[in-house]
Amino acid sequence: MSPIELNKRQDTILQIVKENGPITGEQIAERLNLTRATLRPDLAILTMAGFLDARPRVGYFYSGKKTITTASESMMNLKVKDFQSLPVVVSENMTVYDAIVQLFLEDVGTLFVVDEHSFLQGVLSRKDLLRTSLGTQELTKIPVHIIMTRMPNIAYCKKSDSLIVAAKKLIERQVDSLPVVNETDKGLEIVGRLTKTNITKAFISLAETHDL
């Protein structure tokens, strides 16, 4: 069945059944000061959509499925700050060799490069480091600022951003993670990172909350 948006009365019926089920149609109608016939279409919609179950001589009870409206609103309210993880940062003067070591020690896919004031200067991905290591250069002598991706080619997000918006950036840029930044007059201060794993955990949490 296609997703439907419930009206106010249908939402009220769901709440009544959740709190008092199993409950008969007559009892629901009485609580709403309506006739059983008036409620029949609403009860039919809620039952067919899977929000309610009905048993003869027992009544209606809540099936555990949440409304589309509630789940949608919860999804839009998810924020980056609630799911971000700690960033892994390196100095722009670090060598490529040391950056590769750091990548494996921290078990991450992306390193964020900062200057002496801890402001974002660039991003190092596994692809960047692999591409450089395949050459004939001496990795202990190449600073990471030579091979990193620089602004304005860096996609980032803020703590207050919607998780949906941040997820779209990850997909559009085809990157593993985004730096979470605080925008200041002097530059972008890194305060976290948002990865595909963070996004996955967020939506699993949403699904469990709404019994999806």
Side-chain angles (χ1 to χ4, degrees), residues 71 74-212:
S74 297
M75 183 179 297
M76 296 308 297
N77 287 332
L78 295 178
K79 300 297 182 183
V80 169
K81 64 181 179 181
D82 298 320
F83 296 94
Q84 69 182 56
S85 51
L86 293 175
V88 179
V89 300
V90 298
S91 166
E92 58 186 342
N93 294 318
M94 175 180 279
T95 68
V96 171
Y97 177 84
D98 288 336
I100 293 174
V101 173
Q102 188 76 4
L103 192 79
F104 280 98
L105 287 176
E106 297 289 347
D107 192 23
V108 294
T110 306
L111 299 174
F112 303 124
V113 185
V114 298
D115 60 15
E116 65 272 18
H117 303 294
S118 297
F119 290 120
L120 178 65
Q121 297 299 308
V123 171
L124 276 175
S125 69
R126 285 175 292 189
K127 289 182 180 180
D128 295 328
L129 296 171
L130 178 61
R131 188 182 303 114
T132 305
S133 66
L134 291 176
T136 57
Q137 303 96 323
E138 193 170 346
L139 302 182
T140 57
K141 294 183 178 180
I142 304 174
V144 295
H145 67 77
I146 298 295
I147 68 167
M148 69 184 185
T149 300
R150 294 177 175 272
M151 295 294 290
N153 297 317
I154 300 174
Y156 61 87
C157 61
K158 295 180 289 186
K159 295 173 67 173
S160 58
D161 285 349
S162 162
L163 206 62
I164 293 292
V165 173
K168 288 181 179 179
K169 286 185 180 181
L170 280 171
I171 295 172
E172 290 169 358
R173 294 299 188 99
Q174 296 183 353
V175 294
D176 292 328
S177 66
L178 297 174
V180 183
V181 304
N182 178 30
E183 295 179 322
T184 72
D185 294 336
K186 296 181 179 180
L188 299 177
E189 177 189 8
I190 299 181
V191 295
R193 67 185 169 108
L194 188 73
T195 68
K196 291 178 180 178
T197 300
N198 297 141
I199 299 291
T200 302
K201 288 180 179 179
F203 289 116
I204 288 176
S205 173
L206 179 68
E208 290 175 344
T209 301
H210 290 270
D211 297 325
L212 298 177

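Heavy-atom minimum distance, Ser133 versus Leu130: OG-O, 2.8 Å. Across Ile199 and Ala167, no two heavy atoms sit closer than the pair CD1-CB, 4.0 Å. Residues Ser85 and Asn198 come closest through the heavy atom pair OG-OD1, 3.4 Å. Across all non-hydrogen atoms, the minimal contact from Ala155 to Leu178 is O-CD2, 3.4 Å. Here the shortest heavy-atom pairing between Val80 and Lys158 reads CB-O, 3.5 Å. Pro87 and Gly192 make their closest contact through CD-CA, 3.5 Å (heavy atoms, listed as atom of the first residue, atom of the second, distance).
Every residue two or more places apart in sequence or in another chain that forms a side-chain hydrogen bond (donor to acceptor under 3.5 Å, both in side chains) with Asp98 is listed here: Thr95. Under the side-chain hydrogen bond (donor to acceptor under 3.5 Å, both in side chains) criterion, Asp128 pairs with Ser125, Arg131, sequence neighbours left out.
Considering CD of Glu106 and CG of Leu111, their distance stands at 8.0 Å, rounded to 0.5 Å. Going from atom NZ of Lys79 over to atom CG of Leu163 covers 9.5 Å, rounded to the nearest 0.5 Å. Here OG1 of Thr195 is found 11.0 Å from CD of Gln84. Values are rounded to the nearest 0.5 Å. Note that CG of Asp161 is 9.5 Å distant from OH of Tyr156, once rounded to the nearest 0.5 Å. In this structure, the separation between CZ on Arg150 and CD on Glu92 is 7.0 Å, given to the nearest 0.5 Å. The distance from the CZ atom of Phe104 to the CZ atom of Arg126 is 9.0 Å, given to the nearest 0.5 Å.
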(request) Under the side-chain contact (heavy atoms from CB on, under 4.5 Å) rule, what do Leu170 and Val175 come out as? Steps first, then yes or no, please. (result) CA-CA 5 Å; Leu170 280 171; Val175 294; 3.8 Å; yes
(message) Evaluate Arg193 against Leu86 for side-chain contact (heavy atoms from CB on, under 4.5 Å), listing each step before the verdict.
(response) CA-CA 6 Å; Arg193 67 185 169 108; Leu86 293 175; 5.6 Å; no
(request) Kindly indicate, with the supporting measurements, whether the criterion side-chain contact (heavy atoms from CB on, under 4.5 Å) is fulfilled by Val191 and Lys159. (result) CA-CA 8 Å; Val191 295; Lys159 295 173 67 173; 3.8 Å; yes
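Residue Asp107 places its CG atom among 12 or fewer non-hydrogen atoms of other residues, nucleotides or ligands, all under 6.0 Å distant. The environment of NZ in Lys196 is crowded: more than 12 heavy-atom neighbours from other residues, nucleotides or ligands sit within 6.0 Å. Summarising the local packing, NZ of Lys81 is surrounded by 12 or fewer heavy atoms from other residues, nucleotides or ligands at distances under 6.0 Å.
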Show which side-chain atoms of residues 113-124 pair as donor or acceptor with protein atoms under 3.5 Å away, not counting sequence neighbours.
{"unit_1": "Asp115", "atom_1": "OD1", "unit_2": "His117", "atom_2": "N", "d": "2.9"}
{"unit_1": "Asp115", "atom_1": "OD1", "unit_2": "Ser118", "atom_2": "N", "d": "3.1"}
{"unit_1": "Asp115", "atom_1": "OD1", "unit_2": "Phe119", "atom_2": "N", "d": "3.0"}
{"unit_1": "Asp115", "atom_1": "OD2", "unit_2": "Gln121", "atom_2": "NE2", "d": "3.1"}

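Between Lys169 and Leu194, the closest side-chain pair of non-hydrogen atoms is not below 4.5 Å.
Between Val96 and the choices Ile147, Ile146, Val101, the side chain to side chain contact (heavy atoms under 4.5 Å, CB included) rule is met once, by Ile147. Of the candidates Leu103, Leu105, Val108, Val108 is the only one forming a side chain to side chain contact (heavy atoms under 4.5 Å, CB included) with Val88.
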